[in-house]
**Q** 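Submitted below is the structure of interest, expressed as structure tokens.
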Amino acid sequence: MAIKRSDFPLPDVDEPSTAPYFAGAARGELVVTRCTGCDRYVWFPEPLCPTCGGALEWVPVSGRATLFSWAVVRRPFLPAFDDKVPFITALVALEEDPAVRIVTNIVDAEPDELRADMPVEVTFRPLSFATVPGRSVIVPMFAP
Amino acid sequence: MAAAADWGYASELDDVSGAVAIAGIGETAYTKASGRTAREIGAEAAERAIADAGLEPSDIDGLTFSGAFPDFDAAAFHEHFGTSHDLWTSPWGGGMAWAATAPYLAAQAIKRGDARHVLNVFPVAWATQRSSMTGGPGEVHATQAMKQNFEVPFGWFPQPVYFATIMRRQMLEFGTTEEQFGAVAVACRRHANLNPDAVMHGRPMSIDDYLAAPFLADPLRLFDSCLISDGGAAYVTTSIERARDLPNVPAVVKGVGEGYSASGTHWAQQRAFTSTPQVFSAPPAFAMAGVAPADVDLLTVYDPFTVVSLMQIEDMGFCPKGEAGAFVEGDTLFHDAGKLPFNTHGGLLSHAYVLGIAHVVECVKQLRGSAAAQVPDAEIVVYGGYTGHMASTLVLTKDR
Ligand SMILES: [Zn+2]
């Protein structure tokens with residue numbers, strides 16, 4: 001792989017374009033980017049608002065969302081996931097703007113309990129990988 | 001579903017209908033890990049396409065290749081053929097979506113007088129590279145900051161997982177069944193079993209076999225997913241007048257289209273999650289060609305996963321949105337009996353994962369009447385390309 005980071009696939013908390021998301025999670029806040037000009041949520045973050053060209057700021061949101069789609073990953077596509085399968089990876093649509101989809105894991109639920117567009121709520125959990133010993137990052141996950 | 005087409009856009013293309021034709025095709029063997037480099041594979045495909053066109057390497061004065069995977073560029077061409085003449089080149093060719101638009105670039109270069117015979121080449125050696133743990137389709141994505149930090153840590157990676165969630169959403173929105181996804185895989189395998197060049201030749205698969213295969217990422221099963229292969233192909237485009245002087249029946253370029261999703265390769269954020277930019281690409285291509293989807297004798301589409309085939313069949317207008325599942329049931333996609341013969345060489349699922357270049361070659365063979373699973377009287381054939389945020393459409397017809 002051309003990925004040189006030794007802590008891959010943990011998030012790179014020093015990457016400027018995405019760091020505030022993980023800093024927010026560490027404080028217990030789900031934060032996403034919103035335009036200071038037109039108040040639209042913009043996700044993923046962009047350098048400027050694609051609609052009006054305004055600057056973006058990171059703002060907290062409620063953490064309430066609906067389950068847009070999910071998959072039960074059974075094959076580990078990276079060695080880091082060898083001891084995690086099966087797990088539920090999902091896209092959840094924010095209550096504030098369903099066009100904002102957060103890529104996350106669904107926890108505290110079995111796959112057969114999941115339903116389209118069911119309500120889910122953020123929970124902040126440490127993410128770690130056996131392949132990256134001694135490191136963890138607090139991330140937003142979601143639960144019914 | 002978003003009714004408004006505000007999630008993407010089409011490129012404005014000049015009308016090139018009927019100006020150029022594909023006059024030569026060349027293919028290498030399609031295999032699992034071969035130990036060969038993509039450059040070697042590209043050279044072999046190029047050599048065969050030039051010979052098939054009845055030309056010499058020195059006649060080739062234009063070259064389109066993949067800027068993303070530039071394994072066979074002008075330097076490789078000259079090194080292989082021992083030539084040194086001027087070559088008009090563009091890195092916006094090769095495979096994937098660009099396998100459809102390379103003939104458009106050729107048409108423009110020919111019109112400008114920059115070239116007479118334009119070679120488009122695409123080789124891949126991902127099966128060989130995978131065994132040494134380098135390269136492959138996932139790596140490109142894992143290097144992007146948003147994917148690396150917002151997607152990969154949650155196991156939403158690589159492509160089989162993206163498309164498992166698209167598949168799930170399609171099932172939830174439209175009621176598409178697992179057997180309907182399976183119908184696509186079974187049709188492709190049926191065609192591969194008629195095609196001795198296909199990697200999966202000699203390995204028949206029933207719907208029960210499909211359903212019995214393991215999930216990679218539920219609801220996506222093993223046989224919803226494309227192969228990883230070594231192989232390559234090439235084709236030569238020239239003016240229609242010149243093509244008529246060359247040995248083969250010309251495959252006339254009648255329509256080209258190109259469409260984009262505004263969310264780029266961030267599928268997670270694509271507004272119309274269960275659509276492809278064929279919504280934007282196919283209609284102008286059909287308009288340029290002066291044909292309707294109902295006129296099409298054969299469709300090949302870039303089919304990394306079964307759901308991508310279903311989406312493109314809908315988005316290109318072969319059936320209403322949300323109805324592709326029911327549409328593909330039964331023999332619809334079969335080469336000899338179906339109403340929409342589909343990926344008649346076996347597709348990325350069962351022929352080889354050479355990223356669409358073989359789809360275009362198959363279209364040309366069908367027009368020549370030389371395909372392994374020949375569609376009777378194929379006169380209008382279409383390739384739908386799909387790469388990340390881009391879709392493309394190529395309409396080829398018999399000369400008449
Ligand atoms: Zn704005």
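Side chains are part of it too, since the values below use all heavy atoms of this structure and drop only hydrogens, waters and symmetry mates.
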**Q** Check each atom of A:P45 against the heavy atoms of chain B and say whether the ones under 4.5 Å are side chain, backbone, both or neither.
**A** both
**Q** With a 6.0 Å cut-off on the ring centroids, do B:Y260 and B:Y9 count as close?
**A** yes
**Q** Residue by residue, which of residues 19-41 of chain A have a heavy atom closer than 4.5 Å to a heavy atom belonging to chain B?
**A** A:Y21, A:F22
**Q** Is a salt bridge present between A:R5 and A:D14, judged by a nitrogen-to-oxygen distance below 4.0 Å?
**A** no
**Q** With side chains defined as the heavy atoms from C-beta onward, is the minimum distance between B:P91 and B:F65 less than 4.5 Å?
**A** yes
**Q** Counting only heavy atoms closer than 4.5 Å, note whether A:F129 contacts chain B via side chain, backbone, both or neither.
**A** side chain
**Q** Among B:S263, B:P160, B:G155, who wins on heavy-atom pairs under 4.5 Å with chain A?
**A** B:G155
**Q** If we define contacts as heavy-atom pairs under 4.5 Å, which of A:I102, A:T104, A:L127 has the most with chain B?
**A** A:T104
**Q** B:W267 and ring pair (Phe, Tyr, Trp, His ring centres under 6.0 Å): which single residue from B:F157, B:W156, B:F163 fits?
**A** B:F163
**Q** Can you name the one residue among B:E173, B:R169, B:R168 that meets side-chain hydrogen bond (donor to acceptor under 3.5 Å, both in side chains) with B:T274?
**A** B:E173
**Q** Roughly how far, to the nearest 0.5 Å, is the CG atom of B:L348 from the SG atom of B:C188?
**A** 8.5 Å
**Q** Quick one: of A:V137, A:V85, A:D117, who has the most non-hydrogen atom pairs under 4.5 Å with chain B?
**A** A:D117
**Q** Please check if the number of heavy atoms outside A:E113 that lie under 6.0 Å from its CD is greater than 12.
**A** yes
**Q** Considering only heavy atoms, give the residues of residues 206-216 of chain B separated from chain A by less than 4.5 Å, sorted numerically, with 'none' for an empty result.
**A** B:F215, B:L216
**Q** Do you know which of B:M167, B:M171, B:H266, B:M146 has the most heavy-atom pairs with chain A at a distance under 4.5 angstrom?
**A** B:M146
**Q** Tell me which one of A:V72, A:I106, A:V107, A:N105 satisfies side-chain contact (heavy atoms from CB on, under 4.5 Å) with A:F87.
**A** A:N105
**Q** Ignoring hydrogens, what is the shortest heavy-atom contact between B:V279 and B:S275? Give both atom names and the distance.
**A** CG2-CB, 4.4 Å
**Q** Using the ring of B:F223 (Phe, Tyr or Trp, six-membered ring only), decide whether B:R189 places NZ or CZ under 6.0 Å from its centre and within 45 degrees of its axis.
**A** yes
**Q** Does B:W7 have its ring centroid less than 6.0 Å away from the ring centroid of B:F273?
**A** no
**Q** Less than 4.0 Å between a side-chain N and a carboxylate O, is that true for A:R74 and B:D218?
**A** yes
**Q** Is the ring centre of B:F150 less than 6.0 Å from the ring centre of A:W43?
**A** yes
**Q** With a 4.5 angstrom heavy-atom cut-off, could you sort out which part of A:V100 is near chain B: side chain, backbone, both or neither?
**A** backbone
